[in-house]
Amino acid sequence: MSRLGHLGARLYRGEVGYDFVGKRKIWYGISILITITAIVGLAVRGLTMGIEFEGGAVFTTPKTSATVAQAEDVAQRASGHDAIVQKLGNKGLRIQISGIDTAKSDAIKTQLSKELKVPAEDINADLVGPSWGDQIANKAWTGLIVFMILVVIYLAIAFEWRMALAALVALIHDITITVGVYALVGFEVTPGTVIGLLTILGYSLYDTVVVFDGLKEGQRGITKQTRLTYSEMANKSLNGTLVRSINTTVVALLPVAGLLFIGGGVLGAGMLNDISLSLFVGLAAGAYSSIFIATPLVADLKERDPQMKALKKRVLAKRAAAAAKGETGEPQDAEPQDEAEAETAGAVVGQRRQPSRNNRGKRR
């Protein structure tokens with residue numbers, strides 16, 4: 001067995017573990033700081049919306065000796081707007097200009113043909129109206145809202161409303177961080193970005209449900225024992241699924257990192273950045289939120305339940321009594337962990353007492 005597998009087995013059995021839930025105030029503070037940074041970046045810099053949302057034109061040229069910088073300068077002078085230029089594999093250029101209409105696109109096409117020394121009939125122009133972009137944006141918001149509602153309903157039925165609320169907070173946390181990173185980096189928001197956001201929400205939900213399933217199993221009959229509080233049980237369940245969450249996240253991040261850093265950075269395929277950045281940031285944020293946000297938040301909400309409050313008092317009272325017995329040198333009786341152990345313990349006690357009575361009879 002590998003070291004990681006051995007560690008995972010020990011975490012699952014509860015032999016080792018890290019107190020994630022006990023230190024939840026630290027994770028809350030870190031998340032609040034990251035979220036504030038993302039919101040400030042979004043408010044100050046804003047999002048760079050693609051032509052699919054704002055409208056505009058995309059000009060594609062055949063093979064040309066013009067550089068990206070030259071094409072940007074020509075396009076900006078001809079249109080009066082910022083232009084985004086990308087080098088294509090056939091050594092052609094893709095020139096994207098937002099906020100222009102059909103009449104102006106013809107003049108821009110003529111100017112590009114003249115200064116880039118490319119025949120005008122060989123330049124392909126694709127126009128996108130702003131109304132189409134509004135429709136895409138409205139559908140994206142509708143899909144996001146419907147997704148959130150369905151998630152809350154499903155989790156409330158499958159688990160309970162506290163877990164549904166914690167999962168919703170974690171999803172909003174992931175969206176805010178991803179959108180804030182887009183604002184800070186300055187990448188364009190395209191339909192690919194929206195697809196990436198919906199994808200990482202599904203992944204984040206999957207990771208959270210895996211952890212919540214462990215919580216659901218661990219809280220069965222929790223009020224019938226006095227060994228663990230709910231927070232301690234939640235932390236134990238979280239440690240049991242920790243290695244699985246890490247492995248799943250790393251395996252998912254590796255191909256996305258290849259798209260982002262190699263495809264978008266090294267090879268210059270800028271269109272890959274639209275979806276790969278949202279996936280990369282969202283996957284990392286989703287793994288973080290399922291461990292450091294969702295589970296501690298569920299523990300906070302459950303500890304306010306009267307039954308869990310009473311359980312915590314019993315656990316602490318038992319520990320205080322055990323500590324007092326240990327200080328006075330009195331023996332401490334181990335409490336059976338469940339009913340099966342209690343029956344076994346009773347049977348053992350009965351077996352020990354029966355020979356004692358027989359011996360007394362023989363002595364008589």
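Here, residue 1 is the first one in the sequence, and each next residue gets the next number.
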Reported NZ-to-OG1 distance for the pair Lys309 and Thr229, which is rounded to 0.5 angstrom
14.0 Å

Can Lys302 and Glu160 be said to form a side chain to side chain contact (heavy atoms under 4.5 Å, CB included), step by step?
CA-CA 11 Å; Lys302 288 289 289 186; Glu160 59 175 297; 3.5 Å; yes

Compare every heavy atom of Lys312 with every heavy atom of Glu303, then report the nearest pair and how far apart it is.
OE1-CD, 4.1 Å

Test side chain to side chain contact (heavy atoms under 4.5 Å, CB included) on Ser204 and Ser290 and set out the steps.
CA-CA 7 Å; Ser204 176; Ser290 64; 5.7 Å; no

Validation row: Met163, Leu155 side chains within 4.5 angstrom (heavy atoms)
no

Between Ser113 (side chain) and Lys109 (backbone), is there a donor-acceptor pair under 3.5 Å?
no

Derivation and outcome, side chain to side chain contact (heavy atoms under 4.5 Å, CB included), residues Val58 and Arg94
CA-CA 7 Å; Val58 178; Arg94 182 179 184 271; 3.8 Å; yes

Mind checking whether Val40 and Ile175 sit in one hydrophobic cluster, side chains of I, L, V, M, F, W, Y counted as touching below 4.5 Å?
no

Closer than 3.5 angstrom, by distance alone: can the side chain of Arg162 be matched with the main-chain N or O of Ala299 as a donor-acceptor pair?
no

Heavy-atom donor-acceptor pair, Asn235 side chain to Val21 backbone, under 3.5 Å
yes

Are the side chain of Gln219 and the backbone of Lys216 linked by a donor-acceptor contact shorter than 3.5 Å?
no

Closest contact, heavy atoms only, Asp174 versus Gly286
OD2-CA, 3.4 Å

Tell me whether Ile200 is reachable from Val250 by hopping between hydrophobic residues (I, L, V, M, F, W, Y) whose side-chain heavy atoms are closer than 4.5 Å.
yes

Spacing of CD1 belonging to Ile291 relative to CG belonging to Asn239, to within rounding of 0.5 Å:
9.5 Å

Does Ile195 offer a backbone N or O that forms a donor-acceptor pair with the side chain of Thr199 under 3.5 Å?
yes

Asn124 and Thr60 side chains, donor-acceptor separation under 3.5 Å:
no

Within-4.5 Å side-chain heavy-atom neighbours: Leu238 and Val211:
yes

Report the residues that fulfil ring-ring contact (aromatic ring centres under 6.0 Å, His included) with Phe292, sequence neighbours left out, ordered by chain and then residue number.
Phe20, Trp27, Tyr288

Nearest heavy-atom approach of Leu253 to Phe280 is CD2-O, 3.7 Å

Would you call Pro296 and Tyr28 a side-chain contact if the rule is heavy atoms closer than 4.5 Å?
yes

What pair of heavy atoms forms the shortest contact from Ala287 to Asp207, and how long is it?
CA-OD2, 3.6 Å

Going from CD1 on Ile222 to CD on Gln307, what distance comes out if it is rounded to the nearest 0.5 angstrom?
10.5 Å

Under 3.5 Å: donor-acceptor pair, side chain of Gln111, backbone of Val74:
no

Looking only at heavy atoms, the pair that brings Ala83 and Ile95 closest together is CB-CG2, 4.5 Å

Single-linkage hydrophobic cluster, 4.5 Å side-chain cutoff, Val209 and Ile153 together
no

OG on Ser231 to NZ on Lys236, rounded to 0.5 Å
15.0 Å

Please confirm whether the backbone N or O of Lys313 pairs with a side-chain atom of Lys318, one donor and one acceptor, at under 3.5 Å?
no

Kindly indicate, with the supporting measurements, whether the criterion salt bridge (Lys or Arg N to Asp or Glu O under 4.0 Å) is fulfilled by Asp300 and Arg304.
CA-CA 7 Å; Asp300 268 337; Arg304 299 180 182 182; over 6 Å; no

Please determine, by modelled atom types, if Glu72 and Gln76 share a side-chain donor-acceptor pair under 3.5 angstrom.
no

Within a strict 4.5 Å, meaning less than it, do heavy atoms of the Leu112 and Ile123 side chains meet?
yes

Side-chain heavy atoms of Val151 within contact of Leu168, under 4.5 Å
no

How far apart are the C-alpha atoms of Leu277 and Thr178, what are their side-chain angles, what is the distance that settles it, and do they pass the side chain to side chain contact (heavy atoms under 4.5 Å, CB included) test?
CA-CA 8 Å; Leu277 180 64; Thr178 306; over 6 Å; no

Quick check for you: to the nearest 0.5 Å, what is the distance between Asp122 atom CG and Lys63 atom NZ?
14.0 Å

Give a yes or no on whether Ile36 and Ile30 share a hydrophobic cluster (residues Ile, Leu, Val, Met, Phe, Trp, Tyr; joining criterion: side-chain heavy atoms under 4.5 Å apart).
no

Taking it one step at a time, do Thr248 and Tyr203 satisfy side chain to side chain donor-acceptor pair (under 3.5 Å)?
CA-CA 10 Å; Thr248 305; Tyr203 175 85; 5.3 Å; no

Under-4.0 Å salt bridge between Glu115 and Arg77
yes

Can you see whether Glu217 engages Ser237 through a side-chain donor-acceptor pair at a distance of less than 3.5 angstrom?
no

Linking I/L/V/M/F/W/Y whenever their side-chain heavy atoms sit closer than 4.5 Å, directly or via other members, would Phe147 and Ile149 fall into one cluster?
no

Show which residues join Tyr206 in its hydrophobic cluster (side-chain heavy-atom contacts under 4.5 Å, direct or indirect), or state none.
Val210

Are the side chains of Thr64 and Leu93 in contact, using a 4.5 Å heavy-atom criterion?
yes

For the atom pair CZ (Arg24) and CD1 (Ile293), what is the distance rounded to the nearest 0.5 Å?
12.0 Å

pair Val315-Arg319: side-chain heavy atoms closer than 4.5 Å
yes

Mind checking whether Met148 and Leu171 have side chains closer than 4.5 Å, heavy atoms only?
yes

Smallest heavy-atom separation, Ala166 atom then Leu297 atom, equals CA-CD2, 3.7 Å

